[in-house]
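Each remark here refers to the structure printed beneath this line.
All residue numbers refer to positions in the sequence shown, counting from 1. Not measured: the values here are computed from a predicted model.
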Amino acid sequence: MKYGFILSVALVFILTASCVPGIFATGTVSNSSTSSLRCSMEIPLDKNQAPYVLVAGSSWERARVSLENPGSEPLYNITVLIEIPEDLETGVSPQPYPISKEGQKIKAEIRDLAPGQSADLIFDVKPPISIEFKKQVVFTIHMDYPGGEQQSEQKVSLIPPPSWLTYFTILASLLLFIGILPR
C-alpha cells in the first residue's frame with residue numbers, strides 16, 4: 001500500500017513534468033529558437049541511386065550539406081567542419097565560400113546567413129575499392145557561430161560491390177527453381 005502510493009506520486013510528477021516545457025534537459029545543446037541552424041546532408045546526389053548508400057569500388061560520388069537559418073535573426077561568422085569517415089577519399093571543388101581540406105576534415109566558412117537563407121556545401125567522396133561486409137560509417141558535421149554550437153551526424157551504408165559469385169548463385173537458384181516446377 002505504502003509503495004503503491006509512492007509510485008503513484010512519482011508517476012504523477014513525471015507526467016506533469018513532461019507536459020511543462022523546460023523542466024528536463026533533452027541531451028542536446030540548448031539554443032534559442034532564433035539562433036539555431038538546420039542542417040541536412042544528401043549523398044549521393046544522383047537520384048537514380050539509393051540514398052545514403054555507397055557501393056565499394058564505384059567512382060566518385062557527390063555529397064551536399066545544406067544549412068538553413070530558420071530563425072528570425074541573422075547568424076554571423078558560421079564555420080562548418082565536416083568529418084569524413086576514414087574509409088572514404090574526399091575531394092573539394094571551388095565554392096562560393098572559403099573551403100579547405102585537411103586529411104579527413106573539410107572546413108568551410110559560410111560567414112553570414114540571414115533569416116530564411118540557406119547555404120550548400122558540395123564535396124566529392126570515393127568509397128574504398130572493396131569491403132567484405134556491409135557497414136555503416138558516420139559523417140559528423142560541426143557548426144560553430146557566436147552564440148551557438150551544434151553537431152549533426154549522418155549515417156551512410158557502405159556495401160560491397162556485386163560479384164560474379166553473387167550473380168552465379170542467383171542464376172543457379174533460378175535454374176534449380178525452374179527445374180523443380182512440374183511441367
Applying side chain to side chain contact (heavy atoms under 4.5 Å, CB included) between Ile110 and each of Leu121, Leu37, Leu75, report the one that passes.
Leu121
Could you tell me whether the side chain of Ile82 reaches within less than 4.5 Å of the side chain of Met41, counting heavy atoms only?
no
Rounded to the nearest 0.5 Å, how far does CD of Glu42 lie from OH of Tyr52?
6.5 Å
Could you state the interatomic distance from CD1 (Ile122) to OG (Ser66), rounded to the nearest 0.5 Å?
7.0 Å
From Asp112 atom CG to Asn77 atom CG, the distance as rounded to the nearest 0.5 Å:
6.0 Å
Hey, what do you get for CD1 (Ile43) to CZ (Arg62), rounding to the nearest 0.5 Å?
11.5 Å
Over 12 non-hydrogen atoms of neighbours within 6.0 angstrom of OH in Tyr97
yes
Sidechain-backbone polar pair: Gln117 side chain, Asn69 backbone, donor-acceptor under 3.5 Å:
no
Quick one: pull up CG in Leu113 and OH in Tyr145 and give me the separation to the nearest 0.5 Å.
10.5 Å
Do Pro85 and Phe139 come close enough that some side-chain heavy atom pair is under 4.5 Å?
yes
Just grab all the side-chain hydrogen bond (donor to acceptor under 3.5 Å, both in side chains) pairs involving residues 98-111, residues at least two apart or on different chains.
none
For the NZ atom of Lys135 and the NZ atom of Lys155, what is their distance to the nearest 0.5 Å?
15.0 Å
Quick one: does Met143's side chain get under 4.5 Å of Cys39's, heavy atoms only?
yes
